[in-house]
2 protein chains.
Amino acid sequence: MNMNDDMSGKESSATHGAYMTLRDMILTGELPAGQKLKIEQLRGLLKTGASPVREALSLLTSDMLVERIDQRGFRAAPANKANFEEILELRCTLEDLALRKSIAAATPQWEEQLILTHHRMRKSVGQDIKVFEEAHKTFHMALLANSGSPMLERYCAQLYDLNIRYRNLAAGGSKYQSRDIAAEHEEILEAAVQYNADLACTCLLKHYRLTGEYLAREMDA
Amino acid sequence: MNMNDDMSGKESSATHGAYMTLRDMILTGELPAGQKLKIEQLRGLLKTGASPVREALSLLTSDMLVERIDQRGFRAAPANKANFEEILELRCTLEDLALRKSIAAATPQWEEQLILTHHRMRKSVGQDIKVFEEAHKTFHMALLANSGSPMLERYCAQLYDLNIRYRNLAAGGSKYQSRDIAAEHEEILEAAVQYNADLACTCLLKHYRLTGEYLAREMDA
DNA sequence: AATCTCAAAAATATCGATATTAATTGACAT
DNA sequence: ATGTCAATTAATATCGATATTTTTGAGATT
């Protein structure tokens, strides 16, 4: 009759579930970069049919997390330093652009969202890492959310995820919190709320590049 | 036994065929913006099963040509002036970036590709419009092909296609050739081959914006 | 030893049928 | 007339079973 675990009852469909799970497994590195993704294997893992798996993989292609080779199945997107640096650089360029646009078009609602998402991020710092990660992304996306260009924001979100993936792949452990991340976020927030685009962007890019350098070092191993 | 029309025998699979056909139909406007894309209907049209159709639609989602609403099927991506202008602007930003990178890293091979693709584009001017369109895209992508950033190039290609779509949607007829397109292309080529990034980008963006303004006018109708 | 061939095994792609879910219709009450 | 709700219809999502294609590997040939 009914289906299994749909905890809070939002979107439920085998495809959507498979999509979310696979996405998470690739982002966390549970499915290693470059790995062949066999339908049967995943079918067993996700306890669903072949069609949803296949469709989920097709969807993950959009996110550049999965590669599809016609007639030869799917594989987790490969990862290497060059790709990582490409992502970092593109991300800096596009987020700089988006943040400037957001600030240029600043509205009270947007600012309030910044304050809120930042607050929630701070509150989530002790909790499960997944919760913090979610809040962290939400805050960063809120910074760009007023750019007036949905596609630009989409690209930024995509690059954000790809970057997170590298963080997970490189730093198995997560003791990378040597820097004062919280202070960096506050700097960005403050500059944004004061409509200081140059400063906000400087802080934002510094925030990304510092993490980037740390990860690049890890990846040499 | 064997399947139908695979002319030259490259990639053959029902999914790939459906993908190409649907893509073309959406780009040309044969499938109007916003239209519901029912599986059964397309299944008949493409003379194939439901699975390939479904998978092709999922793939087209990556290209932002199809929207997928969970549990509610697919539809051709909507089109409106705001979206068009967003695409145009993003495209100008990203292509400017990519062209500058390409020129900065110029190599003899890259230059020769420019010359070649430009030549082929000129040669294809009398032929079937599809042939010219193909050559035109190839030339423009060749300009960016040396950027060293595959993802950036991918975004540019995507935006290129979306722009073409609007050109097809807006200008049913194609008597928009009032400008001297050929001269514009030559200007761009010349500047690129001389490593004059500023000039090349100026010409390129002018090329796009002129077309953009023309189309924007058409769209007011 | 290296390479080639070809059949067996494995995996993907596709089909046809069914279960689920959303959209529509129309009777009934307001 | 208009709004509500249940029954009906239509469409999507999913399954299980094949057909196709790719990969593998044992044996034959140089």
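Not measured: the values here are computed from a predicted model. Excluded from the calculations below are hydrogen atoms, water molecules and symmetry mates; all remaining heavy atoms, backbone and side chain alike, are included. So that the names make sense, note that chain A is the first sequence line, chain B the second, and so on, each numbered from 1.
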Would you please test B:Val66 and B:Leu59 for side chain to side chain contact (heavy atoms under 4.5 Å, CB included) and show each step?
CA-CA 9 Å; B:Val66 164; B:Leu59 257 13; over 6 Å; no
By the 4.0 Å heavy-atom rule, please label B:Leu57 as base, sugar-phosphate, or nothing.
nothing
Verify the distance criterion only: is there a donor paired with an acceptor across the side chains of [X] and [Y] at less than 3.5 Å?
{"X": "A:Ser62", "Y": "B:Ser62", "value": "yes"}
{"X": "A:Thr28", "Y": "A:Asn168", "value": "no"}
{"X": "B:Tyr155", "Y": "B:Glu95", "value": "no"}

Per atom distances to the A:Gln71 side chain, the nearest of D:dT21, D:dT14, D:dT23 is D:dT21
Given the side-chain rings of A:His140 and A:His207, with only the six-membered ring counted for Trp, is the space between their centroids under 6.0 Å?
yes
Residues pairing under ring pair (Phe, Tyr, Trp, His ring centres under 6.0 Å) where one sits in residues 32-53 of chain A, two or more places apart or in two chains, turn out to be none
Between CZ of B:Arg154 and CG of B:Leu94, what distance do you get to the nearest 0.5 Å?
13.5 Å
In whole angstroms, how far is the [atom2] atom of [N] from the [atom1] atom of [X]?
{"X": "B:Asp70", "N": "C:dT21", "atom1": "CG", "atom2": "P", "value": "11 Å"}
{"X": "B:Leu46", "N": "C:dT14", "atom1": "CG", "atom2": "P", "value": "12 Å"}
{"X": "B:Arg68", "N": "C:dA22", "atom1": "CZ", "atom2": "P", "value": "13 Å"}

Do any side-chain nitrogens or oxygens of A:Ser13 fall under 4.0 Å of OP1 or OP2 in D:dT12?
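For D:dT12, neither OP1 nor OP2 has a side-chain N or O of A:Ser13 closer than 4.0 Å.
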Grab the N/O contacts between the protein and nucleotides 15-17 of chain D below 3.5 Å, and write none if there aren't any.
from   : atom 1 : to      : atom 2 : distance (Å)
D:dC15 : OP2    : A:Thr48 : OG1    : 3.4
D:dC15 : OP2    : A:Gly49 : N      : 2.7
D:dC15 : N4     : A:Ser51 : OG     : 3.3

By nearest nucleotide on DNA chain D, pick out whichever of A:Arg72 and B:Ile69 is the more 5' one.
B:Ile69
Within 45° of the axis and under 6.0 Å from the centre of the six-membered ring of B:Tyr208, does NZ or CZ of B:Arg91 qualify?
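Yes, B:Arg91 and B:Tyr208 form such a contact.
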Under 3.5 Å, which N/O atoms of the protein pair with N/O atoms of nucleotides 8-11 of chain D?
from   : atom 1 : to      : atom 2 : distance (Å)
D:dA11 : OP1    : B:Lys38 : NZ     : 3.2

